[in-house]
Amino acid sequence: MAINRLSSSIHRNRGWFWLRDRILDAAVCLELMYQLKPPELINKLASRAAHLLATGTGKLIEIHDQVHVFYKARSNIAHGG
């Protein structure tokens, strides 16, 4: 399921909601891969992504903040914000 969602998020490029659907597919993929559940879903994912991808302290903070922005977008889409 995670691979299917990731593939869908990469290849989805048409339709009225294509960008929103791409964000939701990517978020579902990450939640499945990392087996994340509330509470603290966003902080856990942001921390894990930052430590995995960052090359220095500045990048660690930048990636952490980007994940928060991504999940805010996901929440707005999923909950009608």
Side-chain angles (χ1 to χ4, degrees):
M1 174 69 90
I3 292 170
N4 288 337
R5 287 295 191 153
L6 181 60
S7 176
S8 180
S9 75
I10 293 168
H11 296 293
R12 192 184 300 268
N13 61 3
R14 289 181 230 183
W16 185 257
F17 299 107
W18 71 271
L19 181 58
R20 292 179 185 115
D21 290 339
R22 286 181 79 173
I23 291 169
L24 291 174
D25 283 339
V28 168
C29 172
L30 292 171
E31 291 168 13
L32 289 169
M33 283 179 20
Y34 288 105
Q35 299 178 355
L36 297 172
K37 301 194 184 327
E40 299 297 321
L41 182 136
I42 298 169
N43 286 328
K44 287 178 186 176
L45 182 61
S47 178
R48 291 173 184 177
H51 282 91
L52 177 67
L53 300 171
T55 56
T57 304
K59 281 290 187 187
L60 190 111
I61 294 167
E62 180 182 336
I63 292 169
H64 189 276
D65 291 347
Q66 287 174 344
V67 171
H68 273 271
V69 169
F70 171 77
Y71 254 83
K72 185 173 181 175
R74 173 241 176 251
S75 291
N76 285 337
I77 294 165
H79 303 291

Discussion item. To check you understand the geometry: which heavy-atom pair defines the closest contact between L45 and L30, and what is its length?
Written reply: CD2-CD1, 3.9 Å

Worksheet item: Can you tell me if H64 uses its side chain to pair, donor with acceptor, with the backbone of L60 under 3.5 Å?
Response: no

Discussion item. So K59 and L53, do their side chains get closer than 4.5 Å, heavy atoms only?
Written reply: no

Fill in: Closest non-hydrogen atom pair between Y71 and E31, with its separation
OH-OE2, 2.8 Å

Discussion item. Around atom NE2 of H51, are there more than 12 heavy atoms from other residues, nucleotides or ligands closer than 6.0 Å?
Written reply: no

Worksheet entry | Side chains of Y34 and K44 in contact at under 4.5 Å (non-hydrogen atoms) | no

Practice prompt. Identify whether I63 and L52 are in the same connected component of the hydrophobic contact network (ILVMFWY, side-chain heavy atoms under 4.5 Å).
Written response: yes

Side chains of residues 20-27: which donor-acceptor pairs under 3.5 Å do they make with residues two or more places apart or in other chains?
residue, atom, partner, partner atom, Å
R22, NE, S9, O, 2.6
R22, NH2, S9, O, 3.4
D25, OD1, R5, NH1, 2.5
D25, OD2, S8, OG, 2.7
D25, OD2, R12, NE, 3.2
D25, OD2, R12, NH2, 2.7

Worksheet entry | Test side chain to side chain contact (heavy atoms under 4.5 Å, CB included) applied to K72 - qualifying residues, sequence neighbours left out | N76

